[in-house]
There are 2 protein chains.
Amino acid sequence: MSSLTKKADAFTALVLEVFQLNGLLLQAGDRLSAPAGLTSARWQVLGVIDHGPATVAAVARTMGLKRQSVQQTADALASDGFVEYVDNPHHQRAKCVSLTASGRRALRKVEQAHAAWADRMGASLAPGLLAAAVEGVREARLRLEKDLAPEERSHEG
Amino acid sequence: MSSLTKKADAFTALVLEVFQLNGLLLQAGDRLSAPAGLTSARWQVLGVIDHGPATVAAVARTMGLKRQSVQQTADALASDGFVEYVDNPHHQRAKCVSLTASGRRALRKVEQAHAAWADRMGASLAPGLLAAAVEGVREARLRLEKDLAPEERSHEG
DNA sequence: ATGACATGGACAGGAACCTGTCAATTCGAC
DNA sequence: GTCGAATTGACAGGTTCCTGTCCATGTCAT
């Protein structure tokens, strides 16, 4: 660390903070969704198909994940009765993932818990600080996306 | 999302940004460390023991991970010759993880790449914005740590 | 219509984290 | 010194993500 410039040091500090916050957020998400029988990953999938059924691949694109990862989560959700595969009029093999009544109930429950939590957390931070954090992190993300883009040469991702 | 207050909405935006940035950072870390034959996780472990050998459990505490996770990474590093287990004068069973010459070489290589990258990224962001992002994310992390703390009742964690 | 190409589901295997449990060791209170 | 608590390594098993591959299906230019 001692050989880094000031700006590099500041950016590295952001990286370490983001890693830590990310870990805590996953923990918080699991705690929010556990009472409804869900996890962070499963809750996210239910959230995506809340506005309407979608194929596994479409959900994956929305979430920025690989379709194989979402497939696993969707299969687990289906075997727990939170979602079901329904026929897709536009594609013979690619069925749509659709919320069941049980899935919708669970999602509503998590959303209520999430609303209370986000409100509590959002209120505990100075508004200006929160806004600055969002903007700063978004800017960093955009730069990093550009930085990473040139070398990505995968037909799957 | 529509039932959230303004502050809750802002906080949720921060969460989504952090998730995305975290994913990109892992990608960037892997890309930085790949030329040296490492990954993000392995590089982190090498970084911790750079200032001196330490037990697996101590490394885990430093990194905020479970010792079992670090054990796996350390074993992998050992089998690749980047680290070796050396006797611990203070503990019969708990050996210390120590850098080998090869491990030190790899670490130096990654650190150089990291310095260049962090400098480039840090310079691409307005200094004020970067500082605000660090402060905002840190504040959010601290609040979340407090928010999460009361319920944590695990003798391992 | 036919053949190239992108998209999608399925399956295999791996990385990095987690939890839970066990026995060995160390440490502190007494 | 001795006993109980805390720490540590080891092992088993699980989650969520990844990559790579194969084949079926849909789309589009020719």
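To find a chain, count down the sequence lines: A is the first, B the second, and so on, and within it residues start at 1.
- Look at A:Asp119 and B:Lys7 and you find no salt bridge, because none of the NZ, NE, NH1 or NH2 atoms lies under 4.0 Å from a carboxylate O.
- The stretch residues 55-62 of chain A comes close to DNA chain C through A:Thr55, A:Val56, A:Ala57, A:Arg61, each having a heavy atom under 4.0 Å from the strand.
- Between the side chain of B:Gln68 and the base of D:dC11, no donor-acceptor pair under 3.5 Å is found.
- Comparing the helix axis at one end of the helix from C:dA1-D:dT30 to C:dC30-D:dG1 with that at the other, each defined from 5 consecutive pairs, gives an inter-axis angle of 30° (nearest 10°).
- Within the 4.0 Å cut-off from OP1 or OP2 of C:dC17, at least one side-chain nitrogen or oxygen of B:Thr73 is found.
- The phosphate of D:dG9 has neither OP1 nor OP2 within less than 4.0 Å of any side-chain N or O from B:Lys95.
- The side chain of B:Ala41 lies closest to C:dC17, out of C:dC17, C:dG8, D:dC18.
- Regarding contacts with the backbone of D:dA10, a side-chain N or O of B:Gln71 is found under 4.0 angstrom from either OP1 or OP2.
- Taking the charged nitrogens against the carboxylate oxygens, A:Glu111 and A:Arg108 do have a contact shorter than 4.0 Å, which makes a salt bridge.
- Protein atom CG of B:Asp80 is 15 Å distant from nucleotide atom C1' of C:dA16, rounded to whole Å.
- Closest non-hydrogen pair, B:Ala106 versus B:Phe82, comes out as CB-CE2, 3.7 Å.
- The hydrophobic clustering, which links ILVMFWY residues whose side-chain heavy atoms are closer than 4.5 Å, places B:Met63 and A:Leu24 together.
- At D:dT16, one or more side-chain N or O atoms of A:Thr39 fall inside 4.0 Å of OP1 or OP2 (strictly under the cut-off).
- Distance from the side chain of B:Arg67 is smallest to D:dG9 among D:dC18, D:dG9, D:dG26.
- Residue A:Arg42 places at least one side-chain N or O under 4.0 Å from the OP1 or OP2 atom of D:dT16.
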